[in-house]
Every structure is written in structure tokens, then in C-alpha cells.
Amino acid sequence: MWSLARLSLPAGALLFVAALLSPVAAMAQDTSTQEARATETYNDAVDAGQAGHDDAACRGFGNAAVMYENAIGSLMGQSMATEEDRDYIKRYADMLQGRADQAKKAAKAACYLRDNPEQPSSSSSYSSGTSASTWTADDDRANEFAAIQDPANRAAAAYKEADRLYDAKDFAGACASARNSAAIYTYVVTQLRIKPELRGAFDNPDQILANAATAEKDRDGYFCKA
């Protein structure tokens with residue numbers, strides 16, 4: 001039987017919102033709404049898996065993972081003006097990333113059962129969406145690497161967009177995109193410092209750190225310069 005537990009809904013978002021002042025609180029409320037939808041989708045996938053509907057479970061867990069990552073994206077574009085704001089946003093983003101990773105693992109297990117119907121789901125044992133026969137440490141590492149590569153790519157894209165908008169004389173848009181880039185890079189750099197093993201996700205991790213420093217410098221000294 002599937003042993004995945006349903007997730008609580010929401011997961012700490014209300015406490016997060018209560019601890020913040022507007023406009024950051026308004027942003028957090030929007031993120032908590034996205035989190036709640038992702039959690040509902042995840043729980044529906046759990047129910048589908050327990051009922052033996054592996055195709056629906058596969059799709060549901062995959063959708064939940066994307067929704068959790070979209071929720072992270074809604075945090076990354078916001079102001080991190082104070083250390084308290086940055087700390088709360090980092091903690092919330094870490095929690096959401098953990099749920100996204102959990103959903104990805106569950107999706108891998110459900111999709112494996114869907115594609116291999118000879119493996120009876122009624123007798124398969126799962127722990128956090130993984131199966132000893134189908135999940136390896138290499139898979140875990142690959143998911144961790146993908147989870148840090150994605151925001152790094154988004155940060156680089158946001159910086160390029162800021163440059164494009166600045167050249168087009170859309171200075172307000174350029175500033176907003178530059179802030180987004182710097183905020184996402186802040187998250188990436190924080191993760192690399194907390195988990196040095198994630199440096200292996202990049203061919204040149206020092207370049208990522210340099211890009212982050214450039215994004216922060218150009219945000220204040222170029223794109224958003226008063």
C-alpha cells in the first residue's frame with residue numbers, strides 16, 4: 001500500500017504572514033494561497049495512489065511539484081530590505097522547496113508504477129514517495145542539483161531582461177527585473193553556503209557567486225540608481 005501521508009494545509013504560512021508587515025505580508029498571503037493549492041493537489045495525488053490510480057497520481061504529484069516551485073518564485077521577486085525579511089523569506093522558501101522535492105520523489109514512484117503495471121501498487125511499499133527498487137542516491141542528488149540550477153537560471157534570465165529593458169529605456173521595468181534577479185541569486189548563494197555539496201550542480205560554482213555579486217551591485221548602482 002501507499003504509505004505517503006497527506007500534507008497539512010497550509011504548512012506554516014499563516015505564522016509566516018502574521019510575523020511580517022505589509023507589503024511583504026500581502027506577498028506572503030499570495031504565496032500561502034499558492035502553497036495551499038499545491039498541497040491540495042498533492043493530497044489528491046496521495047488519494048489517487050492509494051486507490052490504485054497511478055496515472056492520476058503521477059500527474060498530480062508532478063503538478064504539485066511545479067506549483068510549489070511557482071510559490072517559491074512568488075517569494076523571490078519581493079523586497080528583502082531587512083535582515084528579518086530575508087530570514088523569513090529564506091525559511092519559507094526552504095520549506096516550499098522541501099515540499100517540491102518530496103512531490104518530485106512521489107511523482108517518480110507513481111510514474112514508475114504507471115509505466116510498469118506488472119508491479120502491483122497494492123503491494124508496493126513507499127516511504128516519502130520513494131521505492132528502494134526504483135530510487136537511488138544518484139536520483140536524490142540529481143533532484144537536488146536540478147532544484148538549485150532552476151533558480152540560478154531564472155536569476156540569470158532576470159538579469160538579462162533587466163539589461164534589455166534598460167536599453168529600451170523602460171527604467172522602472174529594468175529596476176524591477178534587476179531586483180528579482182538579485183533576490184533569486186541571494187537564495188541560490190544562501191543554499192550553496194548552507195549545502196556546499198550543491199556546488200557540484202554547476203560547472204563553475206564560483207562564477208555563480210560572482211554573478212550574484214554583480215547582480216546585487218548593478219541593482220543598486222545601475223538599474224535602480226536614483
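Because the structure is a prediction, the values reported are computed rather than measured. FYI, side chains are in, hydrogens and waters are out, and symmetry mates aren't considered; it's all heavy atoms of this structure.
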- Taking C-beta and beyond as the side chain, do T186 and E216 meet within less than 4.5 Å on heavy atoms?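 Result no, sub-4.5 Å side-chain heavy-atom pair not found.
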
- Message: For a 4.5 angstrom cut-off between non-hydrogen side-chain atoms, does M67 reach E35?
- Response: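 No; the side chains remain at least 4.5 Å from each other.
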
So which heavy atom on [X] is nearest to which on [Y], and how close?
X: Y187; Y: A93; result: CE1-CB, 3.8 Å
X: Y185; Y: A215; result: CD1-CB, 3.6 Å
X: P151; Y: A147; result: CD-O, 2.9 Å
X: A64; Y: T41; result: N-CG2, 3.9 Å
X: I148; Y: F202; result: O-CZ, 3.8 Å
X: A212; Y: V189; result: CB-CG2, 3.5 Å

Does this structure show an ion pair linking [X] with [Y], if we count only N-O contacts that are shorter than 4.0 Å?
X: D206; Y: R199; value: yes
X: E161; Y: R154; value: no
X: K105; Y: D101; value: no

- Task: Starting from the C-alpha separation in whole Å, work towards a yes-or-no answer on side chain to side chain contact (heavy atoms under 4.5 Å, CB included) for K195 and L198.
- Result: CA-CA 6 Å; K195 300 178 180 178; L198 293 180; 3.8 Å; yes

- Please name the residue in the list L96, I184, D150 that meets the side-chain contact (heavy atoms from CB on, under 4.5 Å) test with I72.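 Output: one option passes, namely L96.
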
- Any chance you could pull the hydrophobic cluster mates of Y222, using side-chain heavy atoms under 4.5 angstrom and chaining through other members?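 Besides Y222, the cluster holds Y159, Y166, F171, F223.
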
- Task: Measure the NE2-SG distance between H53 and C58 for me, rounded to the nearest 0.5 Å.
- Result: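 Going from NE2 on H53 over to SG on C58, the span is 14.5 Å.
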
- Item | Neighbour count >12 (heavy atoms, 6.0 Å) for atom CG, N204 |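 Correct, the count exceeds 12.
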
- Query: Would the number of heavy atoms belonging to other residues, nucleotides or ligands and lying under 6.0 Å from CD of E197 be above 12?
  - Reply: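 Count over threshold, so yes.
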
Is there a donor in the side chain of [X] and an acceptor in the side chain of [Y], or the other way round, less than 3.5 Å apart?
X: Q149; Y: N153; value: no
X: Q191; Y: D94; value: yes
X: Q97; Y: Y68; value: no

- Would you say the side-chain atoms of N180 pair up with the backbone N or O of A176, donor to acceptor, closer than 3.5 Å?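 Not a single qualifying donor-acceptor pair exists.
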
- Task: Keeping the roles fixed (side chain from S181, backbone from S177), state whether a donor-acceptor pair exists under 3.5 Å.
- Result: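 Answer holds: no.
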
